[in-house]
Amino acid sequence: MSTEVTTTPPSTELSRTLAACRAEGRAALVGYLPVGYPTVDDSIAAMVALVESGCDVVEVGIPYTDPVLDGPTIQDASVVALAGGVRVADAFRAVRAVAEAGAPAVIMSYYNLVLRHGVDAFAADLAAAGGWGLITPDLIPDEAGAWLAAADQHGLDPIFLVAPSTTEQRMAATTAACRGFVYVTSVMGVTGARTTVGGRAHDTIDRARAATDLPLAVGLGVSTREQAAEVAAYADGVIVGSALVKALGEGEDALRALTRELAAGVREGRRAEHGEGPQA
Amino acid sequence: MSTPVGRFDAFGGRYVPEALIAALEELDEQRQKAWVDPEFVAELDRLQRTYTGRPSIITEAPRFAEHCGGARVILKREDLNHTGSHKINNVLGQALLTRRMGKTRVIAETGAGQHGVATATAAALMGLDCVIYMGKRDTERQALNVARMRLLGAEVIPVEHGSQTLKDAVNEAFRDWVANVETTHYVLGTVTGPHPFPEMVRDFHKIIGEEAREQVQELTGRLPDAVVACVGGGSNAMGIFHAFVPDEGVRLIGLEAGGAGIESGRHAARFATGTPGVLHGAYTYLLQDDDGQTIESHSVSAGLDYPSVGPEHAMLHDSGRAEYRAITDDEAMEAFRLLSRTEGILPAIESAHALAGAMQVGRELGPDAVVLVSLSGRGDKDVHTAGRWFGYLTGEELVEEEKRKAEEHPAQEEGSGW
């Protein structure tokens with residue numbers, strides 16, 4: 001058995017952003033949208049709208065033909081985006097637009113797109129666009145030697161996922177490979193709105209806390225203000241994807257409205273923790 | 001961090017969501033324990049003998065060989081296995097492992113339906129719940145195989161996302177697995193995917209080559225000059241190649257689907273046109289565009305219609321130990337016709353690619369050569385396709401036949417004896 005040592009993780013701009021939210025007594029709102037949906041220009045405008053409506057961090061998703069960790073909403077949006085001719089380079093444009101709007105941007109991408117671009121070239125282009133990190137849903141640190149080296153080289157944060165099924169040993173190793181924050185998947189399953197986020201998120205957060213001092217952001221299943229508040233009670237960041245994609249499908253006004261609701265939610269969770277319960 | 005596992009030189013690995021890693025580690029541990037457990041080995045052996053019908057025989061094909069430059073052509077008859085192809089070797093092994101892990105449900109992907117039927121068969125045999133994912137376009141083209149799986153008690157779920165074909169069925173099976181991994185084992189149908197699948201599936205199929213190596217020596221007194229097999233994901237090929245890899249004098253030749261021809265862009269020739277990348281959990285050769293998006297493959301043979309290939313084949317390709325060639329639809333169908341007419345054996349269209357390879361290789365090596373062919377499956381499933389290809393069946397006749405059947409109540413359906 002290895003002894004578990006919690007080392008102080010490196011402080012980066014991204015981790016400081018989440019820590020600042022925590023200092024305000026709230027969780028950060030992390031919003032995901034895929035570039036190219038419904039068109040490249042509209043998706044970039046929508047990401048800027050996320051920033052203007054209260055998102056603290058924007059995850060720029062790159063549509064992929066074979067997204068094994070995504071549910072129907074993001075799959076369908078990816079099909080639309082790919083049919084519209086979206087390219088990997090468009091994601092860097094989106095990152096720049098988010099950065100110029102004043103929020104941290106990270107990319108979320110399946111690994112083959114990074115590999116094909118060239119791992120180092122991808123990191124260089126992401127950093128040049130003003131991006132802060134990369135979330136890799138199908139890349140574990142064990143396989144990430146090239147990406148970790150490129151992230152160091154270009155000052156980017158590697159963000160890996162942990163899950164309810166992650167063993168203690170892997171929890172320690174995986175969180176140690178992260179910078180910025182750790183992406184905690186709340187449930188065993190794919191992206192998409194759920195009626196409940198589930199007790200396993202809390203349990204997984206507890207196990208991650210025991211392994212690292214990095215901020216922890218919870219993703220998968222959050223779609224409403226109430227759920228955002230519930231998760232904000234124990235997480236440092238609340239990640240919302242499919243619900244925002246659905247709202248964008250209805251139009252930018254719906255997207256802005258939902259983002260404001262979620263931004264209110266992440267501010268209510270901490271009060272809930274102190275017994276001022278706003279939850280329905 | 002632990003070192004990467006499951007590598008075939010640079011290829012292979014484990015490119016999947018973290019949520020699946022614990023299950024893959026459990027699977028790896030269990031299959032390694034199983035291989036050295038006399039009880040597991042005896043049970044697998046009993047099933048192979050009394051259920052699958054192993055060992056499968058070899059058949060020399062002298063009339064077909066006349067079209068192969070006169071070389072001796074020997075067929076390894078995996079088509080005679082229960083369910084009609086080599087696929088049963090792997091599913092019985094994985095179903096036994098499923099029971100051993102205390103899981104009660106299996107899921108699988110299928111394209112044409114062969115692996116789905118084999119998995120449904122093993123699930124019925126062992127009392128496991130079974131869900132098969134199949135691209136919606138494939139379910140429409142293979143209604144009979146969908147019915148076959150349902151007769152065996154499996155639930156068949158049409159996948160309506162993406163290109164609605166095999167690769168999307170694999171994606172959907174992975175999504176199901178992430179959500180249900182505690183009770184469910186994913187019976188992946190070929191030698192790709194995250195470690196330990198490529199190695200484990202090969203090991204369940206390596207009996208093909210082990211048997212054939214002895215059988216050919218018994219028949220001819222020597223090793224074959226070449227072993228040829230079709231390569232979709234590549235499981236029958238790895239199964240027959242494995243025992244021959246140390247035999248340096250034996251050429252190993254894999255035949256990919258050249259579809260309508262390489263220049264047409266409609267094919268599944270990963271080694272001829274693909275580049276290394278990651279798909280479905282493994283680093284290997286695949287059909288991809290400049291951005292790394294998967295390009296859809298095409299072949300007259302559904303079983304070879306897959307944009308990626310097992311990572312061990314990628315290693316054998318790069319090291320030069322095996323060579324890979326593309327066989328067009330036309331060449332494969334010509335070999336299908338020849339074997340049917342010269343030997344009275346209808347091959348699966350997949351296996352017909354291997355036969356077309358044998359015709360090329362036999363002509364190159366000449367009459368002194370011995371060529372071993374993996375006849376991986378039987379052609380009964382392909383009668384509609386082949387009948388129409390050669391003009392023995394028209395679309396109108398098929399529609400008329402199905403219409404008449406559909407109008408009759410099954411209880412009233414009449415044949416006329418022999």
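All of these numbers come straight from a predicted model, not from anything done at the bench.
Residue B/Val170: no heavy atom, backbone or side chain, is found under 4.5 Å from chain A. Contact of B/Glu160 with chain A is not made at all, since no heavy-atom distance falls under 4.5 Å. At a 4.5 Å heavy-atom cutoff, the contact between A/Tyr64 and chain B is made by backbone and side-chain atoms alike. Residue contact with chain B, scored on non-hydrogen atoms closer than 4.5 Å, involves the backbone and the side chain of A/Pro72 alike. Both the backbone and the side chain of B/Asp290 come within contact range of chain A, with heavy atoms under 4.5 Å apart. With a 4.5 Å cut-off on non-hydrogen atoms, A/Leu115 touches chain B through its side chain but not through its backbone. In this structure, the portions of B/Gln288 lying under 4.5 Å from any heavy atom of chain A include both its backbone and its side chain.
Taking both residues in full, the closest heavy atoms of A/Cys178 and A/Phe160 are given as SG-N, 3.4 Å, listed atom of the first, atom of the second, then distance. Looking at every heavy atom in both residues, A/Arg116 comes nearest to B/Asp289 through NE-O, 3.0 Å.
Within a 6.0 Å sphere centred on CD of B/Glu182, heavy atoms belonging to other residues, nucleotides or ligands number 12 at most. More than 12 heavy atoms of other residues, nucleotides or ligands lie within 6.0 Å of CZ in B/Arg100, so this atom counts as buried by the packing criterion.
Listed options A/Thr167, A/Val79, A/Thr166 were ranked by heavy-atom pairs under 4.5 angstrom with chain B; first place goes to A/Thr166. In terms of heavy-atom pairs under 4.5 angstrom with chain B, the leader among A/Leu82, A/Asp66, A/Val114 is A/Asp66.
Between B/Phe11 and B/Tyr285, a ring centre-to-centre spacing shorter than 6.0 Å is recorded. A ring-centre distance under 6.0 Å is found for A/His117 and A/Phe92.
Put simply, the residue from B/Ile295, B/Thr275, B/Leu279 that forms a side-chain contact (heavy atoms from CB on, under 4.5 Å) with B/Leu286 is B/Leu279.
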